[in-house]
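What you see below is based on every heavy atom in this structure, not just the backbone, and it leaves out hydrogens, waters and symmetry mates.
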Amino acid sequence: MSILRTRHLLPLLGAVIAGFSTPAFAVDTQLQARLNAMQVADQAIRIEVGTITKAQREEPDAGKRFRLDAEFKVLAERMRGIDVANQQAVAEILASGWPTRATIGQTGMSDLFLIIQHADLDFQKLHIEGVRQAALRGDIRKSNVATLEDRLLVRQGRPQLYGTQIKGSSKLTPYPIDSAENLDKRRSEMGLEPMCAYLANFATMFGPVEYAPCTGK
């Protein structure tokens, strides 16, 4: 075949190859927007709750702490209502199958995970395997899996693996950690920062966390 004839066949060959290539996924902008709205509501109420909780711990006056506690209870009830509504919405979304990073982007997948993270225990149990599989596909971060694994363990009265869950009102401490001597190794494997760095960042919003390997307490 001559070079000239080959050149004339190139556009046709390109079209044939394109026909066999993997089709592009359409981005679901409506679902992105829906998940983003849920994430905004989720985080806004938690910022309010975190601010009140920190103020309670730092307030020396008992009367003012009592008033802050009343505010906290109102906010906690609002937060529960938001979480229930978000969980119902995500249940409807997942009933049609898991979206992917290709269809809703990394931010959309993070928003989706956030709602599962703040859902009730049964919902988390139902979808933990979906979260694991999404991480294996590269649709969500491994650190998300670690957070949800810890939350499930803690809610079932078992020691956590990655130190992501913190407890307390007047004094903050991590929930019990399994094999704490290997904690930072496990955290690194899941893409998490060292425990002491994590607690330092956590403290900026919620107050200092007592954990002997980091604080000596």
Side-chain angles (χ1 to χ4, degrees), residues 17-53 74-155 160-166 187-193 197-198 201-202 204-206:
I17 293 172
F20 285 99
S21 63
T22 303
F25 288 95
V27 176
D28 190 336
T29 55
Q30 288 187 334
L31 182 52
Q32 283 179 323
R34 188 180 179 192
L35 288 165
N36 178 253
M38 286 187 255
Q39 180 272 147
V40 169
D42 176 287
Q43 291 299 283
I45 188 64
R46 280 174 167 77
I47 288 171
E48 290 188 70
V49 169
T51 300
I52 289 291
T53 302
V74 172
L75 289 173
E77 186 61 24
R78 277 179 51 202
M79 183 169 69
R80 192 187 73 82
I82 289 169
D83 288 347
V84 168
N86 282 349
Q87 177 178 318
Q88 291 172 345
V90 165
E92 293 174 5
I93 292 167
L94 296 182
S96 301
W98 275 72
T100 66
R101 189 171 59 175
T103 57
I104 61 172
Q106 185 67 63
T107 299
M109 292 301 297
S110 295
D111 293 344
L112 175 65
F113 170 77
L114 185 72
I115 305 309
I116 297 173
Q117 179 187 347
H118 293 153
D120 64 36
L121 178 59
D122 288 341
F123 195 78
Q124 291 176 343
K125 285 181 177 180
L126 181 63
H127 293 294
I128 180 61
E129 188 56 34
V131 170
R132 292 180 184 128
Q133 292 302 315
L136 289 174
R137 293 192 303 269
D139 286 335
I140 65 171
R141 299 177 178 87
K142 290 192 295 184
S143 58
N144 294 151
V145 180
T147 299
L148 189 55
E149 296 274 13
D150 272 358
R151 186 153 294 196
L152 279 168
L153 289 168
V154 165
R155 295 178 86 171
Q160 58 180 326
L161 292 172
Y162 305 102
T164 63
Q165 306 300 297
I166 309 298
R187 288 180 63 87
S188 177
E189 290 169 351
M190 300 301 283
L192 293 164
E193 63 190 338
Y198 168 65
N201 289 330
F202 188 95
T204 61
M205 178 174 289
F206 300 105

Under 3.5 Å donor-acceptor pairs involving side-chain atoms of residues 84-91, not counting sequence neighbours:
residue: N86; atom: ND2; partner: M38; partner atom: O; Å: 3.4
residue: Q87; atom: OE1; partner: D120; partner atom: N; Å: 3.0
residue: Q87; atom: NE2; partner: D120; partner atom: OD2; Å: 3.0

(request) Measure the shortest side-chain to side-chain distance between M109 and N144 over non-hydrogen atoms and say whether it is less than 4.5 angstrom. (result) no
(message) Taking the side chain as everything from C-beta on, heavy atoms only, tell me whether I93 gets closer than 4.5 Å to L35.
(response) yes
(request) List the atom of G163, the atom of D150, and the distance in Å for their closest heavy-atom pair. (result) N-OD2, 3.0 Å
(message) Has K142 got a side-chain atom pairing as donor or acceptor with A135's backbone, closer than 3.5 angstrom?
(response) no
(request) Heavy atoms only: give me the nearest S143-G191 pair and the separation to one decimal. (result) CB-O, 4.3 Å
(message) Ignoring hydrogens, what is the shortest heavy-atom contact between R141 and S110? Give both atom names and the distance.
(response) NH1-OG, 3.2 Å
(message) Donor-acceptor pair, distance only, cut-off 3.5 Å: does the side chain of R187 make one with the backbone of Y162?
(response) yes
(request) Identify which one of R132, Q160, Q124 satisfies the side-chain hydrogen bond (donor to acceptor under 3.5 Å, both in side chains) criterion when paired with E149. (result) R132
(request) Specify the closest pair of heavy atoms between V131 and L148, including all atoms of both residues, with the distance to one decimal. (result) CG2-CD2, 3.8 Å
(request) Identify the heavy atoms of L75 and E48 that sit nearest to each other, and give their distance. (result) CD2-OE1, 3.5 Å
(request) Side-chain contact test, heavy atoms from C-beta onward, threshold under 4.5 Å: evaluate it for D28 versus P99 and give yes or no. (result) no
(message) Under a 3.5 Å threshold, yes or no: a donor from one side chain and an acceptor from the other, between T164 and R151?
(response) no
(message) I need the I47 CD1 to D42 CG distance, nearest 0.5 Å.
(response) 9.5 Å
(request) Could you tell me whether the side chain of I82 reaches within less than 4.5 Å of the side chain of M79, counting heavy atoms only? (result) no
(message) When you compare the side chain of L114 with that of Q117, does any pair of heavy atoms fall below 4.5 Å?
(response) yes
(request) Determine the minimum heavy-atom distance between W98 and R137, stating which atoms define it. (result) CB-NH2, 4.3 Å
(message) Keeping D139 on the side-chain end and T100 on the backbone end, is there a donor-acceptor pair under 3.5 Å?
(response) no
(request) Flag yes if more than 12 heavy atoms outside Q30 fall under 6.0 Å of its CD atom; otherwise flag no. (result) no
(request) For residues F202 and I166, determine if any side-chain heavy atom of one lies less than 4.5 Å from a side-chain heavy atom of the other. (result) yes
(request) Please list, chain by chain and in numerical order, all residues satisfying salt bridge (charged side-chain N to carboxylate O under 4.0 Å, His left out) with D83, sequence neighbours excluded. (result) R46
(message) What I'd like to find out is whether the side chain of D122 reaches to under 4.5 Å of the side chain of L126, using heavy atoms alone.
(response) no
(message) Taking the side chain as everything from C-beta on, heavy atoms only, tell me whether M190 gets closer than 4.5 Å to L161.
(response) no
(message) Please report the interatomic distance CG(L152) to NZ(K125), rounded to the nearest 0.5 Å.
(response) 8.0 Å
